[in-house]
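Count residues from 1 along the sequence.
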Amino acid sequence: MRLYSTNNKDLRVSFQEAVFNSLPEDKGLYMPEVIPTLDPAFIRNIQQYSLQDIAFHIAHALIGEDIPSDDLKALVKDAINFDAPVKFLDKDLAVLELFHGPSYAFKDFGARFMSRVMAYFSKEGDSLLDVLVATSGDTGGAVALGFLGVEGTRVTILYPKGKVSKVQEEQLTTNGQNIRALEIDGTFDDCQALVKTAFNDPSLAGELRLTSANSINIARLIPQTFYYFWAYAQLKSQGIDEVVFTVPSGNFGNIGAGLLAYKLGLPVKHFVAGTNVNDTVPRFLKDGLYEPRPSIQTLANAMDVGDPSNWVRIQDLFAQNIEELRATISSYTYTDEETKIAMDELFAKYGYVACPHTAIAYLAAEQYKKDQAGTYASVFLSTAHPCKFPDAISPSIFEKVTLPAGAEALADRAKLTTELPVDYDTFKAYLLANK
Ligand SMILES: *Cc1c(COP(=O)(O)O)cnc(C)c1O
């Protein structure tokens with residue numbers, strides 16, 4: 001597999017380089033040089049395959065021999081070891097649940113696959129791979145649990161003190177082993193700035209083998225295509241082959257992977273993006289102007305993104321053709337008030353407790369159905385288990401949430417964290433003193 005930078009198509013790197021660099025130096029994003037067309041028989045017979053079979057097939061088609069087949073098969077099997085079931089709420093309405101992995105959010109797909117790819121490409125004798133990550137909640141948990149126990153790696157997570165939920169904090173701080181958590185007395189932006197400064201500090205580069213678990217890493221994007229194929233396989237086994245996917249979107253990595261699946265040949269009728277009031281993409285699709293804005297805080301805080309970094313990738317997939325984009329993606333935007341009403345409605349109508357991100361996808365799916373009548377299964381993606389967002393859900397509904405067994409156990413474990421101020425020199429001294 002070779003990849004180019006969206007800023008310079010002449011710059012080509014191997015899959016391994018793209019994984020360790022995360023971002024090209026020119027600040028574009030890596031894209032596959034070739035998007036292979038899958039064997040039509042694979043799609044025709046997809047209902048015969050398991051999620052792991054499908055994952056291997058797609059990964060192999062994209063990555064090729066950069067990871068030999070037997071190794072890739074074992075890697076996929078180890079990474080994708082939990083299900084992503086499609087559950088019908090109504091005749092034509094279904095939810096694709098992506099929260100059955102260890103951190104109860106869809107980011108587990110990306111983080112588990114990326115951690116294993118990084119470990120695979122780290123040669124014996126290489127020094128410890130130090131992963132630095134800033135999180136506002138969900139990314140950190142997925143990365144911590146994705147890398148937990150993965151040989152040759154160590155993860156340092158920076159999270160804003162008092163600004164993540166209980167389950168999120170427990171997922172960050174109760175791991176031990178190769179995972180350490182830093183509780184920063186500041187905001188998510190402060191955490192991100194500390195990480196960025198560390199990456200750009202030449203005096204650290206000689207001391208530590210630093211890498212980023214950034215959400216734009218190509219090794220996080222690839223595994224997110226798997227569950228679109230798997231959802232389609234589940235529908236097909238019920239005789240359904242017309243599907244519209246609705247994706248709650250912030251950085252547009254999840255829907256970007258869906259669109260990559262589409263370009264690989266997955267027959268999807270249409271994609272719908274639901275956003276909170278951070279509506280840069282809906283505005284772009286409407287008036288053709290990409291005007292990022294500072295992010296606004298909302299109930300669906302994992303989608304508080306004013307300048308979605310994966311959008312460049314989507315534009316590249318569609319060769320900057322806005323008409324083709326508009327024919328493939330619709331988008332709708334919702335306020336917190338509307339999100340709350342949607343969570344209530346999902347519970348009242350279907351007895352379904354959704355996190356605020358998922359509720360936004362539900363709203364967008366229903367809106368699209370009103371705008372575009374037709375016979376198709378409307379599948380919206382559930383990106384996180386509601387137990388991660390207690391403050392965003394009405395108490396009378398939150399009461400009904402069944403905690404996953406693992407989440408209950410977390411509460412009994414010791415919290416291991418180091419408190420640090422927002423100060424780069426202190427952070428750097430910590431890294432050097434704890435090599
Ligand atoms: C990260 C996240 C999103 C946004 O996904 P993008 O790929 O950034 O669009 C949505 N919901 C939840 C729960 C998340 O953690």
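- In this structure, CG in L62 is found 10.0 Å from NE2 in H57, a value given to the nearest 0.5 Å.
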Check step by step if side-chain contact (heavy atoms from CB on, under 4.5 Å) holds for L129 and M118. CA-CA 9 Å; L129 183 67; M118 284 183 168; 3.8 Å; yes
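- Distance alone, capped at 3.5 Å, places no donor-acceptor pair between the K340 side chain and the P356 backbone.
- Annotation: K77, atom NZ; neighbour count of heavy atoms from other residues, nucleotides and ligands within 6.0 Å does not exceed 12.
- More than 12 heavy atoms of other residues, nucleotides or ligands lie within 6.0 Å of OH in Y4, so this atom counts as buried by the packing criterion.
- Annotation: the span from F147 atom CZ to N175 atom CG amounts to 13.0 Å, rounded to 0.5 Å.
- Counting non-hydrogen atoms of neighbouring residues, nucleotides and ligands closer than 6.0 angstrom, the CD atom of E65 exceeds 12 such neighbours.
- Remark: R116 fails to qualify as a cation-pi partner of F121 under the 6.0 Å distance and 45° angle criteria applied to the six-membered ring.
- Between A302 and D138, the shortest heavy-atom distance links the atoms CB-OD2, 4.3 Å.
- Taking each heavy atom of A84 and L96 in turn, the nearest pair found is O-CD1, 3.4 Å.
- Closest of all the heavy-atom pairs between L317 and G256 is CD1-O, 4.1 Å.
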side-chain contact (heavy atoms from CB on, under 4.5 Å) assessment of F199 paired with S212: CA-CA 8 Å; F199 281 123; S212 131; 3.5 Å; yes
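- Between A213 and V131 the shortest heavy-atom distance is CB-CG1, 3.6 Å.
- At least one side-chain heavy atom of L11 sits less than 4.5 Å from a side-chain heavy atom of S5.
- Looking at R154 and D130, a side-chain N of the basic residue comes within less than 4.0 Å of a carboxylate O on the acidic one, giving a salt bridge.
- Contact check on R413 versus E170 returns no salt bridge, with no Lys/Arg side-chain nitrogen under 4.0 Å from an Asp/Glu carboxylate oxygen.
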Quick one: do Y362 and Y352 satisfy ring-ring contact (aromatic ring centres under 6.0 Å, His included)? Show the steps, please. CA-CA 11 Å; Y362 163 72; Y352 195 77; 9.2 Å; no
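- Between Y332 and Y368, a ring centre-to-centre spacing not shorter than 6.0 Å is recorded.
- Shortest non-hydrogen contact noted between F389 and C355 is CD1-CB, 3.9 Å.
- In D71, the CG atom is crowded: over 12 heavy atoms of neighbouring residues, nucleotides or ligands sit closer than 6.0 Å.
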Apply side chain to side chain donor-acceptor pair (under 3.5 Å) to the pair T339 and D336, showing each step before the final yes or no. CA-CA 5 Å; T339 307; D336 278 355; 4.7 Å; no
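- A side-chain donor-acceptor contact under 3.5 Å links R112 to the backbone of A79.
- Applying the side chain to side chain contact (heavy atoms under 4.5 Å, CB included) test between K269 and each of V244, T328, V243, D241 identifies V244 as the sole match.
- Put simply, the residue from Y228, F99, W230, Y227 that forms a ring-ring contact (aromatic ring centres under 6.0 Å, His included) with F109 is Y227.
- The two residues S309 and I216 come nearest to each other via the heavy atoms OG-CG2, 3.4 Å.
- Aromatic ring pairs are classed by plane angle as parallel below 30°, tilted from 30° to 60° and perpendicular above 60°; the pair F42 and Y49 is tilted.
- In this structure, K263 satisfies the cation-pi test against F318, with its NZ or CZ atom closer than 6.0 Å to the six-membered ring centre and inside 45 degrees of the ring normal.
- When ring centroids are compared, Y376 and H270 stay outside the 6.0 Å threshold.
- In this structure, NZ on K87 lies 14.0 Å from CG on L93, to the nearest 0.5 angstrom.
- Legend: residues meeting side-chain hydrogen bond (donor to acceptor under 3.5 Å, both in side chains) with E17, ordered by chain and number and at least two apart, are S14.
- When atom types are taken as modelled, the side chain of Q171 and the backbone of Q168 share no donor-acceptor pair closer than 3.5 angstrom.
- Residue pairs meeting the salt bridge (charged side-chain N to carboxylate O under 4.0 Å, His left out) criterion with at least one partner in residues 283-293, sequence neighbours excluded, are D279-R283.
- Under the salt bridge (charged side-chain N to carboxylate O under 4.0 Å, His left out) criterion, the residue pairs touching residues 348-366 are E345-K349, E366-K369, with sequence neighbours excluded.
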Can you list the steps and then say if F398 with F347 is a ring-ring contact (aromatic ring centres under 6.0 Å, His included)? CA-CA 10 Å; F398 194 75; F347 187 68; over 10 Å; no
Would you please test V379 and L235 for side-chain contact (heavy atoms from CB on, under 4.5 Å) and show each step? CA-CA 10 Å; V379 177; L235 294 172; 4.0 Å; yes
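- T333 places a side-chain N or O within donor-acceptor distance of the main-chain N or O of N276, the cut-off being under 3.5 Å.
- Relative ring orientation between H60 and F56 is described as parallel, the plane-to-plane angle staying below 30° on a 0-90° scale split at 30° and 60°.
- Here the side chains of I67 and F15 are in contact, with some heavy-atom distance below 4.5 Å.
- The residues E33 and K9 are annotated as not salt-bridged, no charged nitrogen and carboxylate oxygen being separated by less than 4.0 angstrom.
- A donor-acceptor contact shorter than 3.5 Å links the side chain of D304 to the backbone of T298.
- A donor-acceptor pair is defined here as one N or O able to donate and one able to accept, closer than 3.5 Å; no such pair exists between the side chain of N21 and the backbone of P24.
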Worked verdict on R313 versus N310 for side chain to side chain donor-acceptor pair (under 3.5 Å): CA-CA 5 Å; R313 232 174 212 150; N310 276 293; 3.0 Å; yes
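- In this structure, the separation between CZ on F106 and CD on Q224 is 5.0 Å, given to the nearest 0.5 Å.
- Taking a 6.0 Å sphere around CD of Q320, one finds it holds more than 12 heavy atoms contributed by other residues, nucleotides or ligands.
- E169 and K166 are not joined by a salt bridge, as no carboxylate oxygen comes within less than 4.0 angstrom of a charged side-chain nitrogen.
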